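Note that the structure is predicted; figures quoted are calculated from it, not measured. Position 1 is the first residue of the sequence; numbering continues from there.
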Amino acid sequence: MAEVHSFGNLPVIAHAWNHDRTQIAVSLGKNDIRIYHKQAGKWKLTHTLCEHLSRVLAIDWAPKTNRIVTSSADYNAYVWTYENDTWKPQMVELQRTSRAVGCAKWSPNENKFAIGSSDKNVAICYYETEQRFWAAEMIKKKPKSTVTCLAWHPNNQLIAVGSCDYRVRIYSALIKAVDDQAQTSAWGKIANTGELLHEFQSESGWIHDVAFSPSGDNLAWVSHNSIIFAVSSNDPTRTTMEITNYLPFRCIIFVTESTFIVGGHEFSPLIYNYDSRRGAIEFAEKLDQQGVTTNRQTIGRLFDQPSMQTQTPEPVTTHQSMITQIVPYETERTNLVKISSADLFGQVVIWNLSGKKIKN
């Protein structure tokens with residue numbers, strides 16, 4: 001069910017796949033990006049991208065254009081283009097950013113991308129053909145604290161932004177230089193760049209991740225207070241909340257229109273179903289099939305300490321540390337059939353979703 005790949009013992013802060021999943025780009029908590037190519041069933045390091053001066057915090061690989069965008073704690077973002085067997089970087093003009101750039105994501109059409117930073121800035125970046133550089137158009141009604149996550153709407157012109165002020169906001173991301181015309185949206189009229197369409201509050205926890213459903217009609221996010229939130233464009237005034245007994249979640253991803261998967265400090269991805277009509281979020285199952293530890297070290301610890309003799313062995317999970325990221329791996333039509341997750345122990349795990357309790 002799970003395919004485990006190890007890239008050493010350093011934490012995988014971010015990872016991204018190329019279009020045919022034969023290459024993976026990873027950030028291992030340093031100032032470089034390592035690209036591995038799978039050959040004969042083994043991963044071989046083929047490129048090391050070393051332009052950043054501090055830890056790389058985000059990576060996104062555009063499958064059609066084969067361009068990589070990266071952002072870092074050095075206040076910068078780069079777009080990498082593959083030419084003549086070499087990855088060539090070009091810095092993004094982020095003139096107003098003076099803190100770490102923690103998130104970066106390509107739009108669905110790959111003609112622009114968004115970045116979020118610790119100085120509350122959100123920028124929609126695009127390529128200026130005449131000037132030959134990557135320009136950034138800042139959102140004026142920016143969040144009131146650090147931007148932690150981004151998610152693009154499938155129509156390529158809306159973006160959801162999560163931040164440490166306990167709020168999720170939906171902005172217009174229309175760029176007249178690259179977008180032909182404004183698209184229709186169930187979330188509201190798309191007009192000027194950076195126009196705030198909706199704002200949702202999440203009680204008392206800062207936002208870790210946010211995601212749109214495949215159609216873009218549903219939006220869900222997770223916060224540090226172990227609560228899952230979801231809202232539908234049919235009634236944006238009604239936010240559904242599910243208080244869980246699990247440790248905080250760090251990431252969320254929709255696999256179908258009604259099902260999403262969350263992961264984080266719990267070590268195992270969890271499947272939830274969302275019914276927008278009833279306004280309900282229901283737990284389906286854990287993605288990881290757990291066993292119990294039977295090794296000598298665990299048994300010895302139980303017998304050596306009388307106070308622990310009555311305790312049951314701890315469950316074994318594929319991930320042995322916090323899940324840092326969940327990204328798409330394989331899609332059929334609009335639904336995901338495989339996802340990949342990364343953790344703090346250098347592992348990237350590919351999960352097959354067939355046979356799981358997933359609703360369309």
Side-chain angles (χ1 to χ4, degrees), residues 11 13-14 27 29 54-60 69-77 92 94 96-105 113-125 136 138-153 158-173 194-212 219-231 236 239-244 246-253 260 262-266 322-327 342 344:
I13 303 300
S27 167
S54 187
R55 185 171 65 166
V56 176
L57 301 175
I59 306 172
D60 199 18
V69 60
T70 60
S71 66
S72 166
D74 63 4
Y75 316 164
N76 292 318
V92 184
L94 301 176
R96 300 180 185 178
T97 300
S98 58
R99 294 291 185 274
V101 183
C103 41
K105 281 191 177 181
F113 60 89
I115 64 98
S117 66
S118 298
D119 57 357
K120 313 173 190 178
N121 281 324
V122 179
I124 311 299
C125 307
M138 298 292 180
I139 289 178
K140 294 181 180 179
K141 296 181 180 179
K142 60 184 182 181
K144 298 179 182 179
S145 187
T146 297
V147 177
T148 55
C149 52
L150 304 165
W152 281 94
H153 189 279
L158 288 178
I159 189 168
V161 177
S163 56
C164 287
D165 60 359
Y166 312 153
R167 287 171 171 80
V168 168
R169 297 170 174 86
I170 298 179
Y171 292 100
S172 167
E195 183 177 353
L196 179 62
L197 302 182
H198 294 282
E199 181 176 313
F200 310 101
Q201 189 168 357
S202 64
E203 300 299 326
S204 60
W206 58 86
I207 312 303
H208 279 305
D209 200 11
V210 61
F212 277 107
L219 179 71
W221 63 93
V222 289
S223 61
H224 197 68
N225 53 10
S226 301
I227 301 178
I228 305 172
F229 299 85
V231 64
T239 301
T240 302
M241 180 174 62
E242 175 68 12
I243 302 174
T244 72
Y246 297 106
L247 295 173
F249 304 116
R250 295 294 303 269
C251 36
I252 183 170
I253 185 172
F260 53 77
V262 297
H265 294 272
E266 200 60 37
M322 182 193 76
I323 297 174
T324 58
Q325 188 186 27
I326 299 178
V327 301
L344 294 177

Item to check | His153 vs Leu219, side chain to side chain contact (heavy atoms under 4.5 Å, CB included): CA-CA, chis, key distance, verdict | outcome: CA-CA 9 Å; His153 189 279; Leu219 179 71; over 6 Å; no

Next on the checklist: Applying side chain to side chain contact (heavy atoms under 4.5 Å, CB included) to Tyr246 and Ser226, what does each step give before you reach the verdict?
Outcome noted: CA-CA 6 Å; Tyr246 297 106; Ser226 301; 5.8 Å; no

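For the pair Lys141 (side chain) and Leu196 (backbone), a donor-acceptor distance under 3.5 Å is absent. A donor-acceptor pair under 3.5 Å links the side-chain atoms of Ser202 to the main chain of Tyr166, judged by distance alone. In terms of modelled atom types and a separation under 3.5 Å, the side chain of Thr148 and the main chain of Ile207 share a donor-acceptor contact. Checking side-chain atoms of Ser27 against main-chain N and O of Ala14 turns up no donor-acceptor pair under 3.5 Å. Under a 3.5 Å cut-off, the side chain of Glu266 and the backbone N or O of Leu247 do form a donor-acceptor pair. Using modelled atom types, no side-chain atom of Ser145 and backbone atom of Ser163 make a donor-acceptor pair closer than 3.5 Å. Judged by distance alone, with hydrogens and angles left aside, the side-chain atoms of Asp209 form no donor-acceptor pair with the main-chain N or O of Val222 at under 3.5 Å. A donor-acceptor contact shorter than 3.5 Å links the side chain of Ser72 to the backbone of Ser54. Ser71 places no side-chain N or O within 3.5 Å of a backbone atom of Ala77 that could act as its donor or acceptor partner.
Here the CG-CD distance, from Asp165 to Glu199, works out to 7.0 Å after rounding to the nearest 0.5 Å. Ile115 CD1 to Asn121 CG: the interatomic distance, rounded to the nearest 0.5 Å, is 7.0 Å. With rounding to the nearest 0.5 angstrom, the CE atom of Met241 is 11.5 Å from the CD1 atom of Ile228. Distance check: Ile139 CD1 to Glu195 CD gives 11.0 Å after rounding to the nearest 0.5 Å. Rounded to the nearest 0.5 angstrom, Ile227 CD1 and Phe249 CZ are separated by 10.5 Å. A distance of 4.5 Å separates CD1 in Ile159 from CD1 in Ile124, rounded to the nearest 0.5 Å.
Pairing each heavy atom of Ala104 with each of Val69, the nearest pair is CB-CG2, 4.2 Å. In this structure, Ser117 and Arg99 approach most closely via the heavy-atom pair CB-O, 4.5 Å. Of all the heavy atoms in Ala73 and Ala100, the pair that sits closest is CA-CB, 3.6 Å. Considering all non-hydrogen atoms of both residues, Ser118 and Thr146 come closest at O-OG1, 3.4 Å. Closest non-hydrogen pair, Val122 versus Val147, comes out as CG2-CG2, 3.7 Å. For Ser223 against Phe229, the heavy-atom pair with the smallest separation is OG-CE1, 3.5 Å.
Ring geometry, Trp206 versus His224: the interplanar angle falls under 30°, so the pair is classed parallel (tilted spans 30 to 60°).
Arg250 pairs by the salt bridge (charged side-chain N to carboxylate O under 4.0 Å, His left out) definition with nothing, not counting sequence neighbours.
The side-chain heavy atoms of Phe113 and Asp60, taken from C-beta on, include no pair separated by under 4.5 Å. Side-chain contact between Pro143 and Arg167 is absent, with no heavy atoms from C-beta onward closer than 4.5 Å. By the 4.5 Å heavy-atom criterion applied to side chains, Val101 and Leu57 are not counted as neighbours. Side-chain atoms of Thr324 and Pro11, non-hydrogen and from C-beta on, never get closer than 4.5 Å to each other. Here the side chains of Thr239 and Trp221 are in contact, with some heavy-atom distance below 4.5 Å.
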